[in-house]
Asks: 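Quick one: structure below, then a few questions.
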Amino acid sequence: MKKLVVFDLDGTLAASKASLDAEMGGLLSRLLGVVKVAVISGGSWKQFTDQLLSNLPKGGRLANLSLLPTCGTQFFEYKDDWSKLYSEDLGDDEKTKIVDSLHEAVKEAGVEIEKTWGDQIEDRRSQITFSALGQHAPLDAKEKWDPDFEKRKKIKAILDRSLSKFSVRLGGSTSIDVTKPGIDKAYGIRMLRDVLKVDLGEMMFVGDAVFPGGNDYPAKEAGVASIQVRDPDETKRVIEAVILCLGGDPWS
């Protein structure tokens, strides 16, 4: 019997940087009524509030929800309000090295980027995120740019050498996330285990990038049973199945 279901956000619960739709919000609320839930994503805390929390019903069920932004480098829990348990922030020198290495890797990889929407590099304090088309790129452009991850894999291969003392993962539809060494979704999973007192065997992870190099893969490497989904619609069917298995009704 699973006691904790852990989700990725972008590409899993919602389209990249988009809000949950009404059906997903309802399903998550019903899931929170029967089991503990956590969300680990490369997104910032602001993305969590905009995409996730603003579309979930308020109330006591939020006490069953744990949120881990920036690939698990931060951990928020809910009591009367949201409070931060920890934040594994990068130092200024580390940030400078990461940003310089990102610029050099993109150039060396020869990856073509014809147009951008907003800044490509975002400082999320505990994570530096490179978004190839910019932070505000439209979803259709992002979905077409690197659907097979091959462009970002070229960049990551270079970063694995230049940033060997950091964790480098592919995230979202156009992004690359860089954190302190060993601080990734596996770290977040272990923190969930310790804080919530839930064994790894009692967890399940659901994400769209559960493959080597993907930023969801560390959750699988940590020893958690993992399900790879294509998109939020497939995630909805997984949630319905979990609710039914736990004796709940996903449709009421």
Side-chain angles (χ1 to χ4, degrees), residues 1-9 12-13 20 24-25 27-45 47-49 51-53 56-89 125-127 167 169 177 179-207 209-210 214-229 235 238-250:
M1 181 72 71
K2 300 302 180 185
K3 295 182 179 180
L4 174 66
V5 184
V6 187
F7 295 95
D8 171 49
L9 180 53
T12 301
L13 293 177
L20 301 184
M24 183 66 81
L27 282 169
L28 280 176
S29 179
R30 289 189 281 277
L31 184 64
L32 285 165
V34 296
V35 70
K36 291 184 181 296
V37 174
V39 180
I40 306 180
S41 170
S44 64
W45 174 246
Q47 280 181 249
F48 272 65
T49 58
Q51 289 180 253
L52 180 65
L53 294 179
L56 281 179
K58 306 297 186 291
R61 288 184 179 180
L62 291 180
N64 270 344
L65 180 62
S66 299
L67 301 179
L68 291 82
T70 53
C71 293
T73 60
Q74 299 177 351
F75 191 126
F76 289 80
E77 64 177 359
Y78 186 87
K79 292 183 180 177
D80 296 325
D81 201 354
W82 290 101
S83 60
K84 184 192 296 183
L85 292 184
Y86 70 79
S87 182
E88 300 287 354
D89 293 347
R125 297 183 61 183
S126 55
Q127 173 180 293
S167 291
R169 300 287 177 182
D177 300 320
T179 62
K180 285 187 175 183
I183 308 296
D184 54 19
K185 290 187 179 180
Y187 179 85
I189 289 288
R190 291 191 291 270
M191 292 303 295
L192 284 167
R193 175 197 62 195
D194 296 343
V195 172
L196 302 180
K197 309 302 181 186
V198 176
D199 291 338
L200 298 181
E202 297 172 318
M203 300 182 191
M204 180 175 74
F205 181 84
V206 182
V210 188
N215 71 351
D216 293 331
Y217 194 67
K220 182 176 181 178
E221 291 182 304
V224 174
S226 300
I227 297 175
Q228 180 159 327
V229 294
T235 302
V238 171
I239 295 173
E240 289 171 349
V242 172
I243 294 173
L244 283 170
C245 288
L246 294 174
D249 184 348

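Position 1 is the first residue of the sequence, and the numbers go up from there.
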Asks: Would you check if R169 and D184 make a side-chain contact, meaning some heavy-atom pair closer than 4.5 Å?
Replies: yes

Asks: So T179 and E88, do their side chains get closer than 4.5 Å, heavy atoms only?
Replies: no

Asks: Measuring only between side-chain heavy atoms, which start at C-beta, is L56 closer than 4.5 Å to L65?
Replies: yes

Asks: Which atom pair, heavy atoms only, marks the closest approach of P250 to L244?
Replies: CD-CD2, 3.7 Å

Asks: Let me know which of D8, D177, T73 forms a side-chain hydrogen bond (donor to acceptor under 3.5 Å, both in side chains) with K185.
Replies: D8

Asks: Atom CD1 in I227, atom NZ in K220: separation rounded to 0.5 Å?
Replies: 11.5 Å

Asks: With no hydrogens and no angle check, is any side-chain donor or acceptor of Q127 less than 3.5 Å from a backbone partner on G42?
Replies: yes

Asks: Ignoring hydrogens, what is the shortest heavy-atom contact between P57 and G25? Give both atom names and the distance.
Replies: CD-O, 4.2 Å

Asks: Side-chain contact test, heavy atoms from C-beta onward, threshold under 4.5 Å: evaluate it for I183 versus S126 and give yes or no.
Replies: no

Asks: Run K36 and S66 through side chain to side chain contact (heavy atoms under 4.5 Å, CB included) and show every step you take.
Replies: CA-CA 8 Å; K36 291 184 181 296; S66 299; over 6 Å; no

Asks: Taking all atoms of both residues into account, what is the closest heavy-atom pair of V210 and S226, and its distance?
Replies: CG1-CB, 4.0 Å

Asks: Any non-hydrogen side-chain atom of L31 less than 4.5 Å from a side-chain atom of F7?
Replies: yes

Asks: Would you call S41 and Q47 a side-chain contact if the rule is heavy atoms closer than 4.5 Å?
Replies: no

Asks: M203 and side-chain contact (heavy atoms from CB on, under 4.5 Å): which partner among V224, V5, L196?
Replies: V224

Asks: So V229 and T12, side chain to side chain contact (heavy atoms under 4.5 Å, CB included) or not? Walk me through it.
Replies: CA-CA 7 Å; V229 294; T12 301; 4.1 Å; yes

Asks: Say you draw a straight line from CG of L20 to CD of Q51; how long is it, rounded to the nearest 0.5 Å?
Replies: 7.5 Å

Asks: Could you give all pairs that pass the salt bridge (Lys or Arg N to Asp or Glu O under 4.0 Å) test and reach residues 193-207, with sequence neighbours left out?
Replies: K3-E202

Asks: Output the distance between atom CG (L27) and atom OG1 (T235), rounded to the nearest 0.5 Å.
Replies: 10.5 Å

Asks: Under a 4.5 Å cut-off applied to non-hydrogen side-chain atoms, are I239 and L28 in contact?
Replies: yes

Asks: Ignoring hydrogens and geometry, is there a side-chain-to-backbone donor-acceptor pair from K2 to G201 under 3.5 Å?
Replies: yes

Asks: With rounding to the nearest 0.5 angstrom, report the CE to CD distance, M191 to Q74.
Replies: 12.5 Å

Asks: Identify the two heavy atoms, one from D216 and one from A209, that lie closest to each other, and give their separation to 0.1 Å.
Replies: OD2-N, 2.8 Å

Asks: Specify whether Y187 and Y86 have parallel, tilted or perpendicular ring planes, treating 30° as the upper limit for parallel and 60° as the lower limit for perpendicular.
Replies: perpendicular

Asks: Is there a donor-acceptor contact under 3.5 Å from the side chain of T70 to the main chain of S44?
Replies: no

Asks: Are L67 and Y78 packed together at the side-chain level, in the sense that at least one heavy-atom pair is separated by less than 4.5 angstrom?
Replies: no

Asks: How close do P69 and F48 get, counting heavy atoms only, and between which atoms?
Replies: CA-CE1, 3.5 Å

Asks: Taking all heavy atoms of I40 and all of G72, pick out the closest pair and write down the distance.
Replies: CG2-N, 3.6 Å

Asks: According to salt bridge (Lys or Arg N to Asp or Glu O under 4.0 Å), does anything in residues 67-80 pair up with another residue at least two apart or in another chain? List the pairs.
Replies: E77-K79

